[in-house]
Amino acid sequence: EIGCRVQFTEYIQKNVALYQFRNGIPLTTAAAANFTRGELATALRKNPYQVNVLMAGYDKEIGPSLYYIDYIATLHKVDRGAFGYGSYFCLAMMDRHYHSGMTVEEAIDLVDKCILEIRSRLVVAPPNFVIKIVDKDGAREYAWRESVKPDATA
Amino acid sequence: MSIFEYNGSALVAMVGKNCFAIASDRRLGVQLQTIATDFQRIHKIHDRLFIGLSGLATDAQTLYQRLMFRHKLYQLREERDMKPETFASLVSALLYEKRFGPYFCQPVIAGLSDDDKPFICTTDSIGAKELAKDFVVAGTAGDSLYGACEAMFKPDMEPEELFETLSQALLASVDRDCLSGWGGHIYIVTPTEVKECTLKGRMD
């Protein structure tokens with residue numbers, strides 16, 4: 001849900017930052033994922049957030065990790081994950097082509113394959129995609145895959 | 001589809017001669033879609049006590065965290081580990097607390113008592129304990145597991161034979177259930193050691 005999504009992810013973002021201010025060190029990916037799950041689980045039986053989360057992070061000692069967090073607060077560490085109607089196609093694509101220790105170029109290639117699948121198979125496919133990368137140099141926007149350019153006058 | 005069948009699970013515990021074994025499947029699904037094939041359903045409370053949690057994965061995770069918390073507090077206060085019978089009562093009480101808004105889980109508790117006698121028990125989602133002398137089952141593959149275990153169980157099995165029996169019973173049962181499978185996790189616990197094995201079954 002769009003409203004929940006913005007509100008919830010900003011809430012998590014601000015709390016992760018607060019931890020860093022208070023304690024002087026950043027939260028590990030696992031800790032942040034467990035915190036997110038805790039928030040979703042607490043709200044689940046009162047006023048549930050309709051938000052699915054894929055949390056990716058890089059820790060110096062552990063390396064990169066990805067956490068799948070359902071809207072009903074199911075937490076699992078995974079190598080590859082996807083949500084939504086496109087997930088059926090993406091997961092199949094990743095099951096076929098993913099192997100551990102892929103380079104960035106190979107990974108982008110796999111992402112492009114997934115985007116191609118979504119564009120061709122999904123009736124309600126979104127037109128534009130953004131690819132972000134998280135590694136030892138931080139999180140950054142890597143590329144856009146646009147089929148509908150934003151209106152210059154808007 | 002019932003909420004207990006949302007994630008899919010299969011759990012079984014069996015008693016042997018001064019030992020017990022507890023096994024689970026490894027699939028984490030969201031209805032018909034498989035999300036992961038390495039999901040841990042069985043957790044160690046202490047060296048002689050294991051709990052497996054079937055049913056809704058989010059409630060299994062929450063319940064496990066609450067139980068670990070209570071056991072750690074118990075360890076600090078009493079300076080010893082909880083007996084399996086006591087732990088089973090704790091699980092039952094925690095579940096009944098939520099009688100009118102329950103955790104959608106069915107736990108399987110297996111442990112060795114002080115005199116090295118194996119103890120197994122299961123409860124329903126609101127904490128009704130069912131003690132058994134031979135085996136207990138839980139999860140979406142529960143009905144198949146009852147059949148397989150009833151056919152294959154013999155009293156007073158040694159650890160090696162117990163491992164074989166339980167593995168075969170689990171793999172045969174999850175093959176009949178589309179919501180559980182993708183291999184198995186099995187723990188054989190004797191008074192001297194804990195053996196953990198991963199089973200390879202039909203990966204589908």
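Every chain is numbered from 1 and lettered A, B, ... according to where its sequence line falls, protein lines coming before strand lines. What you see is a predicted model, and the numbers here were worked out from it, not measured in a lab.
You'll find the side chain of A/R37 reaches within 4.5 Å of the side chain of B/Q65, heavy atoms only. Taking the side chain as every heavy atom from C-beta outward, B/T58 and A/Y71 never approach each other to under 4.5 Å.
Heavy atoms closer than 4.5 Å to chain B are found in the side chain of A/N34, but not in its backbone. Using a 4.5 Å cut-off between heavy atoms, A/D70 contacts chain B through its side chain alone, with no backbone atom that close. Neither the backbone nor the side chain of A/F83 comes within less than 4.5 Å of any heavy atom in chain B. Both the backbone and the side chain of B/D38 come within contact range of chain A, judged by heavy atoms closer than 4.5 Å. Both the backbone and the side chain of A/A73 come within contact range of chain B, each with at least one heavy atom under 4.5 Å from a heavy atom of that chain.
Residue-environment remark: CZ (A/R145) exceeds the threshold of 12 foreign heavy atoms within 6.0 Å. No more than 12 heavy atoms of other residues, nucleotides or ligands sit less than 6.0 Å from atom CD of B/E79. Enclosure of atom NZ in B/K83 is not indicated, since only 12 or fewer non-hydrogen atoms of other residues, nucleotides or ligands lie within 6.0 angstrom. For A/R80, the CZ atom sits in a packed shell: over 12 heavy atoms of surrounding residues, nucleotides or ligands are nearer than 6.0 Å. Atom CZ of B/R80 is surrounded by more than 12 heavy atoms from other residues, nucleotides or ligands within 6.0 Å. In the displayed structure, A/Y98 atom OH is contacted under 6.0 Å by more than 12 heavy atoms of other residues, nucleotides or ligands. In this structure, B/R77 places its CZ atom where only 12 or fewer heavy-atom neighbours from other residues, nucleotides or ligands lie under 6.0 Å away.
In this structure, A/L91 CG and B/I35 CD1 are separated by 6.0 Å, a value rounded to the nearest 0.5 Å. For the atom pair A/L44 CG and B/L56 CG, the distance stands at 8.0 Å (nearest 0.5 Å).
Heavy-atom minimum distance, B/P102 versus A/R45: O-NH2, 2.7 Å. What you find for B/F39 and A/L75 is that their closest heavy atoms are CE1-O, 4.3 Å. The two residues A/I72 and B/Y6 have their closest heavy-atom pair at CD1-CE2, 3.4 Å.
When A/A82, A/G38, A/S87 are compared by the number of non-hydrogen pairs under 4.5 Å with chain B, A/S87 comes out ahead. Note: B/T62 leads B/N7, B/T62, B/V30 in heavy-atom pairs under 4.5 Å with chain A.
For the residue pair A/T74/B/Q61, the side-chain donor-acceptor check at 3.5 Å is not satisfied.
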